[in-house]
Amino acid sequence: MNEMQRIPCVILRGGTSKGIYLKANHLPQDKEQRDNMILEIFGSPDVRQIDGLGGADPLASKVAIIGPSSHPDANVDYTFGQVSINDHYIDYSGNCGNISSGVGPFAIDEGFVAATEPTTTVRIHNTNTGKILIAEVPTENGRAKVTGDCKIDGVPGTGAKIMMDFSGTAGSVTNKLLPTGKPVDTIQTSVGQLEISIVDVSNPCVFVRAKDVGMTGRETPQEINGDPKLLALMEEIRAQATVMIGMAPDIATATAKSPAFPMVAFVAPAADYIDFTTGKTIKKDQVDFLSRMMFMQVLHKTYPGTGTACTGAAAKIPGTIVHEAIPHIESIDIIRIGHPAGVIEIEAAFENGNLSRAAFARTARRILEGYVFVRNG
């Protein structure tokens, strides 16, 4: 009797993250059995994920489950899971915008969607949020194109530009653009009262002024992740917001059962800072403002895709902490966010009070296709 079974898989970089892409019909229907299999595929829980395919980093411990669409207005279903490295747990409470950018190419290359040159539009039903994402994927010879001149900060080299439009994801979890009904709320924390903005596009995000938490907005991942007091404060803010918008009944549950979402960011006005990946200076005039976003209780080394869409929308909502950080926001449609590894641009616009555009460019590349072996039983 064979003690192992093999599961088809693809390792694919989407944006500045890397994930394992699996077809739904190759996984058990029972959710507990499915999650146990996925955890084994990744090698979790283990700090090194040494017995699996996980990258021992939150940005490389992500799963995408793809199947035929259950939504009449979409081409495919896509479920995102943030696979815990240290715990026997997968967080399905939100989506990942970077991993989302690999779904279109995967769907084309795996035959879920017929390619139309030069661009194939893939309508993606994200089951985590119930919302539709639109991927505009360059195609050539019946497959997703990989090479191109699009450069995204945080990824070496260039690739084919995939435009991801998240405008259909407003109210992704709470069914409200502003979950509390207000652009700014005040919370009580261990360091006193703080003002926060909670916005829900793609994933709910919480924004706080960098100066209010003793930061400048120019910090590197090493500086943030080496400051346990700051990490604890940011999780305190995030957990309170999680409870405020109904994603968890209490603070302890927010940290234990919804560690990835909502995400929390601190923002600051534009300034010169150092790209920690290259040592080069990003000039003040290259960005519209600075933001550092936390993910899984550490600093995201670049900027999350869903966080980009949400931040762009927040910038266009009068009264939010993001809006106030950009003095010229009313005159621009393409917003430049300065993150630890460079700059990401987001096209954001509202029409008649509704989010009509929340689009940003990504690249994606299939790295491996084959089989991963898991234990029977």
Side-chain angles (χ1 to χ4, degrees), residues 69 71-75 78 94-97 100-101 103-104 119 121-137 161-185 195-207 241 244-247 261-263 265 267 287-289 291 293 303-337 344-362:
S69 179
H71 193 290
D73 196 31
N75 302 116
Y78 149 59
N95 183 24
C96 171
S100 297
S101 67
V103 175
T119 302
T121 298
V122 182
R123 299 184 65 84
I124 302 164
H125 173 221
N126 175 234
T127 66
N128 304 76
T129 62
K131 301 296 185 178
I132 303 296
L133 324 174
I134 299 174
E136 300 166 4
V137 185
K161 181 190 286 188
I162 301 167
M163 288 301 295
M164 298 293 302
D165 187 359
F166 281 77
S167 59
T169 67
S172 64
V173 173
T174 65
N175 291 317
K176 296 179 181 178
L177 183 66
L178 296 174
T180 68
K182 296 181 287 185
V184 174
D185 290 278
E195 288 189 330
I196 61 173
S197 293
I198 309 176
V199 180
D200 184 1
V201 174
S202 302
N203 282 316
C205 292
V206 189
F207 302 96
M244 287 172 65
I245 64 177
M247 288 185 68
F261 307 105
M263 294 179 284
V267 302
V287 301
D288 294 306
F289 73 109
S291 185
M293 187 166 278
Y303 212 73
T306 56
T308 299
C310 192
T311 303
K316 286 289 186 174
I317 300 173
T320 69
I321 284 168
V322 183
H323 184 276
E324 74 173 29
I326 314 172
H328 55 290
I329 184 60
E330 302 303 337
S331 63
I332 59 173
D333 292 322
I334 298 177
I335 300 159
R336 302 168 299 169
I337 304 169
I344 187 169
E345 296 182 348
I346 170 76
E347 300 173 10
F350 281 82
E351 290 183 9
N352 301 318
N354 297 314
L355 186 63
S356 58
R357 184 76 170 167
F360 55 94
R362 297 284 83 185

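Just so you know, these numbers use all the heavy atoms, side chains as well, and skip hydrogens, waters and symmetry mates.
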Hey, does Val322 have a side-chain heavy atom less than 4.5 Å from the side chain of Val199? no
Any side-chain heavy atom of Asp288 within less than 4.5 Å of one from Ile337? no
Just jot down the side chain to side chain contact (heavy atoms under 4.5 Å, CB included) partners of Arg357, sequence neighbours excluded, or say none. Glu136, Met163, Asp165, Glu347, Ala349, Ala359
Any Val184 side-chain heavy atom under 4.5 Å of Ile196 side chain: no
Residues in ring-ring contact (aromatic ring centres under 6.0 Å, His included) contact with Phe360, at least two apart in sequence or another chain: Phe166
Please report the closest heavy-atom contact between Ala314 and Phe207, naming both atoms and the distance. CB-CE1, 3.9 Å
Which heavy-atom pair separates Pro179 from Ile245 by the least distance, and what is that distance? CB-CG2, 3.5 Å
Heavy-atom distance under 4.5 Å between the side chains of Lys131 and Val173, does that happen here? no
Do side-chain atoms of Asn75 reach the backbone of Val122 as a donor and acceptor pair under 3.5 angstrom? no
Reference residue Ser167; test side chain to side chain contact (heavy atoms under 4.5 Å, CB included); the match among Leu355, Leu133, Ile132: Leu355
Any residue meeting ring-ring contact (aromatic ring centres under 6.0 Å, His included) with His125, in chain and number order, not counting sequence neighbours: His71
Does some side-chain heavy atom of His328 sit less than 4.5 Å from a side-chain heavy atom of Ile326? yes
Is Pro204 close to Cys310 at the side-chain level, that is, under 4.5 Å between some pair of heavy atoms? no
side-chain contact (heavy atoms from CB on, under 4.5 Å) between Met263 and Asn203, worked out: CA-CA 8 Å; Met263 294 179 284; Asn203 282 316; 4.2 Å; yes
Atom of Tyr303, atom of Ser291 and distance for their closest heavy-atom approach: OH-OG, 2.8 Å
Do the side chain of Thr320 and the main chain of His323 share a donor and acceptor less than 3.5 angstrom apart? yes
Closest non-hydrogen atom pair, Cys205 against Gly307: SG-CA, 4.1 Å
Quick one, Thr174 with Asp200, criterion side-chain hydrogen bond (donor to acceptor under 3.5 Å, both in side chains). Give me CA distance, side-chain angles, the key distance, then yes/no. CA-CA 7 Å; Thr174 65; Asp200 184 1; 2.8 Å; yes
Which atom pair, heavy atoms only, marks the closest approach of Arg336 to Val287? NH2-O, 3.6 Å
Kindly say whether Val137 contributes a backbone atom to a donor-acceptor pair with the side chain of Thr119 at under 3.5 angstrom? no
Side chains of Asp185 and Met244, heavy atoms from C-beta outward: is any pair under 4.5 Å? yes
Given Asn352 and Asn354, is the side-chain hydrogen bond (donor to acceptor under 3.5 Å, both in side chains) satisfied, shown in steps? CA-CA 6 Å; Asn352 301 318; Asn354 297 314; over 6 Å; no
Would you compute the distance between atom OG of Ser100 and atom OH of Tyr78 and round it to the nearest 0.5 angstrom? 3.5 Å
Applying the side chain to side chain contact (heavy atoms under 4.5 Å, CB included) test to Met293, which of Thr308, Thr311, Val267, Thr306 qualifies? Thr311
Are Asn95 and Ser202 close enough, and set up right, to give a side-chain hydrogen bond (donor to acceptor under 3.5 Å, both in side chains), and what steps lead you there? CA-CA 7 Å; Asn95 183 24; Ser202 302; over 6 Å; no
Any heavy-atom pair between the side chains of Leu177 and Val201 that's under 4.5 Å? yes
Heavy-atom nearest pair, Ala241 first then Val206, reads CB-CG2, 3.4 Å
